[in-house]
> 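A single structure is presented below for examination.
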Amino acid sequence: MPKNTMLVLHLTEDAAGISHFADLAVPLDADAFAPPAPAMPISATEEATGLLYLILPAGWGGAQHPSPRRQVAFCFSGRLRVEAGDGEVREFGAGAIWRMEDVAGAGHTTTVLGDDDVRLAIVQLPPQPGDPTGEEAK
């Protein structure tokens with residue numbers, strides 16, 4: 001991976017509404033983030049509309065669903081399994097970060113693994129043209 005790029009796991013969807021995992025390369029440029037500290041590789045700032053914390057209880061599993069909105073998840077504890085619409089499976093644990101943008105198609109399936117709750121922080125991103133509106137976007 002180039003020094004000036006950070007890879008982020010991306011759950012997105014194709015034109016047919018099937019979700020897929022991919023690596024999203026985020027470009028970084030040297031810039032002063034916290035002067036007078038030295039410059040460091042940093043991405044452009046992306047707008048966010050909300051921050052929430054949630055717990056997926058041990059044993060929790062849902063039906064296939066799209067992401068309720070464009071968002072980035074940060075896992076603090078527990079383990080979960082996410083199956084994309086194309087059948088690819090990823091497991092996530094503490095420290096995992098992934099971006100979810102499968103908002104309009106059939107979506108993915110999420111299942112909590114093991115006996116521990118999954119604790120997440122979710123940063124919500126602004127909707128994009130073509131995203132669902134109304135209650136389904138909340």
Side-chain angles (χ1 to χ4, degrees):
M1 171 173 58
K3 249 175 109 170
N4 60 348
T5 302
M6 185 177 292
L7 294 180
V8 176
L9 185 59
H10 192 201
L11 180 60
T12 187
E13 61 194 357
D14 60 25
I18 305 299
S19 60
H20 307 275
F21 287 107
D23 286 327
L24 176 65
V26 178
L28 308 175
D29 292 310
D31 201 355
F33 177 68
M40 63 192 76
I42 186 172
S43 72
T45 299
E46 187 171 354
E47 295 295 320
T49 59
L51 168 66
L52 62 96
Y53 302 90
L54 63 88
I55 296 174
L56 302 177
W60 186 89
Q64 188 172 9
H65 62 281
S67 294
R69 62 184 313 143
R70 295 175 192 278
Q71 56 193 9
V72 179
F74 300 82
C75 184
F76 295 119
S77 65
R79 292 205 49 81
L80 66 149
R81 173 186 188 272
V82 178
E83 181 175 347
D86 66 1
E88 184 176 354
V89 173
R90 299 284 181 110
E91 290 186 10
F92 302 99
I97 301 169
W98 67 104
R99 184 179 182 116
M100 295 173 274
E101 295 191 278
D102 61 335
V103 296
H108 59 276
T109 304
T110 305
T111 306
V112 174
L113 302 174
D115 297 328
D116 296 323
D117 296 344
V118 172
R119 295 173 182 272
L120 303 171
I122 305 284
V123 174
Q124 298 174 324
L125 305 173
Q128 300 295 310
D131 283 0
T133 58
E135 286 301 310
E136 69 272 21
K138 289 184 180 179

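Not measured: the values here are computed from a predicted model. Residues: numbered from 1 along the sequence shown. Computation of the quantities below employed the complete heavy-atom set of this structure, encompassing side-chain atoms and omitting hydrogens, waters and symmetry-equivalent molecules.
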> For a quick test of reading the model, state the closest non-hydrogen atom pair linking I55 to R119 and the distance between them.
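The pair with the smallest heavy-atom distance is CD1-NH1, 3.0 Å.
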> Using the ring pair (Phe, Tyr, Trp, His ring centres under 6.0 Å) criterion, which residues pair with H65? Sequence neighbours excluded.
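Once residues adjacent in sequence are excluded, the partners of H65 under the ring pair (Phe, Tyr, Trp, His ring centres under 6.0 Å) criterion are H108.
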> When rounded to the nearest 0.5 angstrom, what distance separates CG in D131 from CZ in R70?
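The distance works out to 4.0 Å.
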> So which heavy atom on S19 is nearest to which on G85, and how close?
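Between these two residues, the closest heavy atoms are OG-N, 2.5 Å.
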> Provide the closest heavy-atom pair for G114 versus A58 in the form atom of the first, atom of the second, distance.
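Looking at all heavy atoms of both residues, the shortest contact is O-CB, 4.1 Å.
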> Could you pull out the closest heavy-atom pair between F21 and E88, with the gap in Å?
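Minimum heavy-atom contact is CE1-O, 3.6 Å.
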> So if you build clusters from Ile, Leu, Val, Met, Phe, Trp, Tyr with side-chain heavy-atom gaps below 4.5 Å, do L11 and L80 land together?
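Linked, L11 and L80 end up in one cluster.
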> Would the distance check show the side chain of Q64 and the main-chain N or O of G107 forming a donor-acceptor pair, the cut-off being under 3.5 Å?
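Checking the backbone N and O of G107 against the side chain of Q64, a donor-acceptor pair under 3.5 Å is found.
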> Drop me the distance from H20's NE2 to D102's CG, to the nearest 0.5 angstrom.
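Output value for this atom pair is 10.0 Å.
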> Say you draw a straight line from CG of L28 to CG of N4; how long is it, rounded to the nearest 0.5 Å?
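Result: 7.0 Å between the selected atoms.
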> Side chains of V103 and E13: does their closest heavy-atom pair fall under 4.5 Å?
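Touching, per the 4.5 Å side-chain cut-off.
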> Taking R99 first and then E46, would you say they form a salt bridge - that is, a charged N and a carboxylate O separated by under 4.0 Å?
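Salt bridge between R99 and E46, a charged N being under 4.0 Å from a carboxylate O: yes.
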> Do I122 and Q124 have side-chain heavy atoms sitting under 4.5 Å apart?
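The answer is yes, as the side chains (C-beta and beyond) meet within the 4.5 Å cut-off.
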> Checking T110 side chain against V82 main chain: does a donor-acceptor pair fall under 3.5 Å?
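Checked: no pair found.
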> Is there a side-chain hydrogen bond (donor to acceptor under 3.5 Å, both in side chains) between H10 and E101 once you walk through the steps?
CA-CA 8 Å; H10 192 201; E101 295 191 278; 2.4 Å; yes
> Would you say F76 and V112 are hydrophobically clustered, going by side-chain heavy atoms of ILVMFWY under 4.5 Å?
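Hydrophobic grouping puts F76 apart from V112.
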> Indicate, with yes or no, if Y53 and I97 share a hydrophobic cluster defined by side-chain heavy-atom contacts under 4.5 Å among Ile, Leu, Val, Met, Phe, Trp and Tyr.
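As far as the 4.5 Å side-chain criterion goes, Y53 and I97 are connected within one cluster.
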> Which atom names give the shortest non-hydrogen contact between C75 and G78, and what distance separates them?
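Here C75 and G78 meet closest at SG-O, 4.0 Å.
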> I need the minimum non-hydrogen distance between P132 and A104, along with the two atoms involved.
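Reported closest heavy-atom pair: CG-CA, 4.3 Å.
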> Hydrophobic clusters here meaning ILVMFWY residues chained together by side-chain heavy-atom distances under 4.5 Å, can you tell me if L54 and W98 are in one?
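The answer is yes; both residues are in one hydrophobic cluster.
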> Answer yes or no: is there a side-chain heavy-atom contact under 4.5 Å between L9 and D23?
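In short, these two side chains touch, coming nearer than 4.5 Å.
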> Rounded to the nearest 0.5 Å, what's the gap from CG on L24 to CE on M6? Could you check?
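Those atoms lie 11.5 Å apart.
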> Mind checking whether V123 and L51 have side chains closer than 4.5 Å, heavy atoms only?
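Answer yes - side chains close enough.
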> According to a hydrophobic-cluster definition based on side-chain heavy atoms being under 4.5 Å apart (Ile, Leu, Val, Met, Phe, Trp, Tyr only), do L120 and W60 belong together?
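Yes, same cluster.
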> Side-chain contact, heavy-atom cut-off 4.5 Å: V118 with F92?
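When only atoms from C-beta onward are counted, F92 and V118 do not touch, as no gap falls below 4.5 Å.
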> Quick one, P126 and T49 - any side-chain contact, counting heavy atoms below 4.5 Å?
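SC-SC contact between P126 and T49 confirmed.
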